[in-house]
Amino acid sequence: MAFDREPVGAGVWRVSTPLRRDEALVGAAQVELSLDELAHLKRRLRLIDAAILVCSTLLISVALAFFLERRVGRPVAVLVAGMQRAESGELGVRVAAARGGEFAFVAGTFNRMLSRIEELTAGLESRVRRATRDLAEKNRELQQANERLWQAQLEVGRSGRLAALGQMAATIAHELGTPLNSVLGYTQLLQRESWPADEREKLAIIESQVQRMIETMRSVLDRTRDRELERAPVALAPLVTEALTMVSSRLAGRDLALENRVPLDLPTVPADAAALRQVLLNLLTNAIDATEPPGTITVRAAVLSQNGRPAPSLELTVSDTGHGMAPEELRRAVEPFYTTKAPGRGTGLGLAIVDHIVRAHGGQLEVESERGHGTSVHVRLPMEAS
Ligand SMILES: Nc1ncnc2c1ncn2[C@@H]1O[C@H](COP(=O)(O)OP(=O)(O)O)[C@@H](O)[C@H]1O
Ligand SMILES: [Mg+2]
């Protein structure tokens with residue numbers, strides 16, 4: 001079939017074709033096409049296309065967002081929350097693993113990492129605790145060593161001064177003793193000659209005074225010289241009674257009570273009785289000097305059996321209700337030549353000598369005192385000679 005096409009006006013096409021039956025022309029068919037309408041149709045189709053594109057993009061975006069929120073957003077939020085809690089020190093926290101996939105793997109790894117950190121932290125803490133304990137122990141040992149060093153230094157100082165005093169006394173005794181002895185000798189020679197009664201009397205006075213000087217020097221020497229201790233079993237009760245009787249003469253008229261609380265059945269202690277008497281006399285003298293009447297001075301004694309110590313020791317205590325000592329005085333009390341007494345009243349040697357004697361017996365001296373509340377001096381002596 002043949003078509004004739006020809007444009008009829010703008011945008012309109014006319015298509016016509018002859019109609020034949022048995023080769024004979026019976027008519028013609030003609031169609032007019034408007035291109036405008038076609039263009040209009042095309043525009044509508046493009047619009048519909050665009051609408052479908054926008055809708056499907058929106059739909060896909062929403063679906064993707066929903067999917068991402070469920071499969072990525074939530075697990076990440078759970079992980080981040082877990083990390084934040086772990087960061088704030090909550091190491092026991094664990095994140096719930098998502099169902100399979102990368103996040104389940106990440107969550108599992110995170111949980112295992114936290115467990116490991118927890119283990120390490122616990123180990124570290126216990127090591128730090130142990131190290132701190134060790135450090136404290138070492139510190140204590142250091143303090144004790146320091147204390148011992150300080151005591152040793154003090155003792156060296158004390159014994160040094162005592163030794164110096166002994167030497168000084170010996171030198172003075174020697175230097176003065178020789179001329180004094182010759183004065184005594186010449187005086188005695190002179191006495192053999194015949195003198196008027198008057199002169200004889202003067203010579204006798206010179207002789208007795210020189211004798212007295214020699215005696216005094218000997219007794220000073222005796223007191224300062226480090227003589228060997230002669231140990232024998234000593235019963236404390238009678239020794240204390242004797243010492244109390246000796247000092248009671250100093251109390252004449254003063255309202256001071258001397259109390260002897262030493263049990264009579266106390267076991268004996270291996271000691272040098274004369275040295276112990278000197279200890280008691282020095283301590284009692286100090287107590288009397290420190291106590292304004294009315295007051296009480298008490299002597300006690302008891303056996304101390306210390307745990308972990310094989311041999312028990314005996315403790316002798318002299319307490320007073322006197323003025324006591326300030327901390328600085330207490331710290332220095334045992335130092336040789338330390339005295340708070342008026343010149344001529346104290347030598348500062350009493351406690352140093354007591355300390356020296358007690359140590360020579362293998363014992364210890366402890367002074368307890370508080371200003372205004374009296375003083376207690378404890379002497380501890382081992383009950384088995386070392
Ligand atoms: N019982 C005590 N009460 C108070 N102070 C004391 C006592 N015993 C000792 N002291 C103090 O210790 C110092 C030293 O004592 P000590 O060595 O006996 O020397 P002294 O008696 O010659 O002063 C004393 O001067 C005194 O200050
Ligand atoms: Mg004294």
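Counting convention: from 1, in listed order, for ligands and their atoms alike. Bear in mind the structure is a predicted one, so any value in this text is a computation, not a measurement.
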Judged by non-hydrogen atoms, does [X] sit under 4.0 Å from ligand 1?
{"X": "N282", "answer": "no"}
{"X": "K341", "answer": "yes"}
{"X": "H323", "answer": "yes"}
{"X": "G324", "answer": "yes"}

[atom]: the protein heavy-atom neighbour that sits closest, reported with distance to 0.1 Å:
{"atom": "atom 13 (C) of ligand 1", "result": "Y338 O, 3.9 Å"}
{"atom": "atom 16 (P) of ligand 1", "result": "L351 N, 3.6 Å"}
{"atom": "atom 6 (C) of ligand 1", "result": "M325 CE, 3.5 Å"}
{"atom": "atom 1 (N) of ligand 1", "result": "D320 OD2, 2.8 Å"}
{"atom": "atom 23 (O) of ligand 1", "result": "T339 OG1, 2.6 Å"}
{"atom": "atom 18 (O) of ligand 1", "result": "N286 ND2, 2.8 Å"}
{"atom": "atom 24 (C) of ligand 1", "result": "T340 OG1, 3.9 Å"}

Which option wins on minimum heavy-atom distance to atom 22 (O) of ligand 1: G348, G350, S369, S319?
G348
Nearest non-hydrogen contact with atom 12 (O) of ligand 1 belongs to which option: A326, A333, S376?
A333
Has N286 got an N, O or S atom lying less than 2.8 Å from the Mg ion (ligand 2)?
yes
Test K138 against D134 for salt bridge (charged side-chain N to carboxylate O under 4.0 Å, His left out), laying out the working first.
CA-CA 6 Å; K138 290 271 177 304; D134 285 355; over 6 Å; no
Backbone of R94 reached by a side-chain donor or acceptor of N111 within 3.5 Å
no
As a test of understanding, state which of [options] forms a side-chain contact (heavy atoms from CB on, under 4.5 Å) with [X].
{"X": "L258", "options": "T245, I297, V299", "answer": "I297"}
{"X": "R116", "options": "M113, E119, E118", "answer": "E119"}
{"X": "L266", "options": "L314, V240, L316", "answer": "L314"}
{"X": "Q278", "options": "L281, L280, N282", "answer": "N282"}

Show the atoms of ligand 1 that are less than 4.0 angstrom away from any heavy atom in [X].
{"X": "A290", "answer": "2 (C), 3 (N), 4 (C)"}
{"X": "G346", "answer": "22 (O)"}
{"X": "T347", "answer": "22 (O)"}

Under the side-chain contact (heavy atoms from CB on, under 4.5 Å) criterion, do M213 and V183 qualify, and how do the steps go?
CA-CA 11 Å; M213 279 194 253; V183 170; over 6 Å; no
Identify whether M83 and V93 are in the same connected component of the hydrophobic contact network (ILVMFWY, side-chain heavy atoms under 4.5 Å).
yes
Which residue, H378, E368, E366, R300, forms the side-chain hydrogen bond (donor to acceptor under 3.5 Å, both in side chains) with T317?
H378
State, with a plain yes or no, whether a side-chain heavy atom of L190 is found less than 4.5 Å away from one of W195.
yes
L189 side chain near R192 side chain, heavy-atom distance below 4.5 Å:
yes
